[in-house]
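Okay, structure first, notes after.
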Amino acid sequence: MLKTNKSMTDYISPVVKGIPPSGIRKFFDLVSGRKDIISLGVGEPDFVTPWHVREACVYSLEKGKTTYTQNAGLPELREAISAYLYKQFALNYEPSNEVLITVGGSEAIDLALRALVQPGDEILIPEPCYVSYSPITSIVGGKAVGIETYAKDSFKLTAESLAEQITAQSKVLILCYPSNPTGGIMTYEDWIPIVNLVEEHDLIVISDEIYAELTYDQKHISFASMPGMKDRTIVVSGFSKAFAMTGWRLGYACGHQDLIAAMLKIHQYTIMCAPVMAQQAGIEALTNGLEEKDRMVESYNQRRRLVVRGFREMGLDCHEPKGAFYAFPSIQSTGLTSEQFTEKLLEEFKVAAVPGNAFGLGGEGFIRCSYANSVSELNEALERIGKFVNKYQKLD
Amino acid sequence: MNDFKFKVLELLQEDARREAAVIATLLGAEEDEVTKAIEEMEKDNVIVKYAPVINWSKVHDDKVTGIIEVQITPERGRGFDTIAERIYRYPEVKTVYLMSGAYDLQIEIEGKTLKEVAFFVSNKLSTIDSVLSTKTHFILKKYKQDGIILEDHEDDHRMLISP
Ligand SMILES: Cc1ncc(COP(=O)(O)O)c(C=O)c1O
């Protein structure tokens, strides 16, 4: 029996209570259970995990591989990741102590922040960005400092806006390129001034490169591959996007052995190890899955062209996304806010997209549309959005 | 075959009803280029026909398909081609492949009844001079055809909104 004047929520930690409700969650509730809509709000591949990967997992289960693994993950998988990162992105990590297998990139982000942040530290976060960085920062007692990025810069992080937010308390910079939600990327040249600032201000970088494989017309440049940045950078990645393996919950972090050891310390008590069957599948994906991955990337690229063109033809400004599988068109010409736009669009034309303001600073006035959908659904969705835009643009 | 044509073919194989304009957008090309490539490939018989993949068992399941392994003695000077032609000219013959291995031609025949297929084998096929032997197998169920799973149960299980 509770004391009469207390409610259950009074028992919850103020830190957790202080986390604002997720904008995505709110929209999720609006669409949940509806079968009649086309959703461009899905943040995962429309491919099912390639069959050879699924089959390898089933086989490993048949062989009785159902035990715990080493805390850091199966050595064979860590070796495969190390070889893969070297081949794809010229990264050099020692499998035995610089690679940690996690439960999705999500856990890796959490571990990195928990291992690095103490109360009062400022964590620099270019926005609009993936929704987990700022809440986790709050949970670990850090202060999230947003850095707005702009469509006019293709949502790249510029040295000027970064420099503006750096203080004596700045400790960590979180990077997410290719970006969810904007599709923005950073080139070698774009990174150079950022590298200088990171060095000058002695920052540690958490680089969420989960979309690294999904770049179009140019290769991803890992921040850790920039001169002098390897030791300062924790690369976070995973299998979800590149190999269409979201539900497997398999990711990893790579970095300096001392940082990885600190993360492993937390991981061993909270998680013990990532699921062994997912790890077995991961080995198969990395050893035999690169061709299939290329095929999926080519298919995203085709659909990317389709949606960008579609948005531009209906009169919306849409910067060209060079990575991930999202388009991030501006809807400012309709005079609606992001939330009004997405809610009315859902109501009137049964298309779901995610309002840009759910992704932090600079997201208002934009909507995130995933093109990980079939061509016919995309065409239908574009047609409906076109009608919708037409209706509202005419009103003023 | 250049890479561009190859990509056009892949997109058409996925969906033969795709319009040139859509293909052009998907490939980041001009519609004219796509139209021209398609016309050329039609002319060269690279694109032979635009035919739907039909799951006939949904229409009527009394159709019978037999796969027949045929051993033949090739004709002097003309190899297997003449004899293959004599066989593939029959409209009930759906496919004819020249094979390596234990037999020479693989033939797929469609008939209304088992009897009809058997009749074709005994009266038309076996009576051709160079046919040495035949072995007939009947198809009981088609799971996958031309790379397409006929009864695919992999629906979209994704949540409608995710971060
Ligand atoms: C930028 C970004 N980082 C991390 C994640 C988490 O991915 P995982 O499935 O590996 O936990 C996502 C998933 O949407 C993402 O978009």
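For clarity, every value in this text was computed on a predicted model and none was experimentally measured. Lettering of chains follows the sequences in order, A, B, ..., and the numbering in each one begins at 1.
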Positions in residues 13-43 of chain B that reach chain A, provided some heavy atom is under 4.5 Å away | B:R18, B:V22, B:T25, B:L26, B:L27, B:G28
Look at atom CZ of B:F4 and say whether more than 12 heavy atoms of other residues, nucleotides or ligands are closer to it than 6.0 Å.
-> yes
Give, as side chain, backbone, both or neither, the part of A:R368 having an atom under 4.5 angstrom from any heavy atom of chain B.
-> side chain
Portion of A:Y130 that has a non-hydrogen atom of chain B nearer than 4.5 angstrom | side chain
Of the backbone (N, CA, C, O) and the side chain (C-beta and beyond), which part of A:V31 lies under 4.5 Å from a heavy atom of chain B, both, or neither?
-> both
Name the member of A:P45, A:G33, A:P181 that forms the most heavy-atom pairs with chain B at distances under 4.5 Å.
-> A:P45
Measure across B:I161 and A:A352 and return the closest heavy-atom pair with its distance rounded to 0.1 Å.
-> CD1-CB, 4.2 Å
Enumerate by number any residue of residues 128-146 of chain B whose heavy atoms lie under 4.5 Å from heavy atoms of chain A; in the absence of such residues, state 'none'.
-> none
Among A:L40, A:D46, A:N180, A:L30, residue most engaged with chain B (heavy-atom pairs, under 4.5 Å) = A:D46
Is it the case that more than 12 heavy atoms not belonging to B:K124 sit under 6.0 Å from its NZ atom?
-> yes
Would you mind reporting whether A:T246 and B:R158 have side-chain heavy atoms less than 4.5 Å apart?
-> no
Which pair of heavy atoms, one from A:E44 and one from B:M159, lies closest together, and at what distance?
-> OE2-N, 4.2 Å
Go through A:V375, A:V131, A:V308 and name the one with the most non-hydrogen pairs under 4.5 angstrom from chain B.
-> A:V375
Rounded to the nearest 0.5 Å, what's the gap from NZ on B:K7 to CD on A:E298? Could you check?
-> 4.0 Å
Please say whether more than 12 non-hydrogen atoms of neighbouring residues, nucleotides or ligands are located less than 6.0 Å from CZ in A:R384.
-> yes
Measure across B:S162 and A:G43 and return the closest heavy-atom pair with its distance rounded to 0.1 Å.
-> OG-N, 2.9 Å
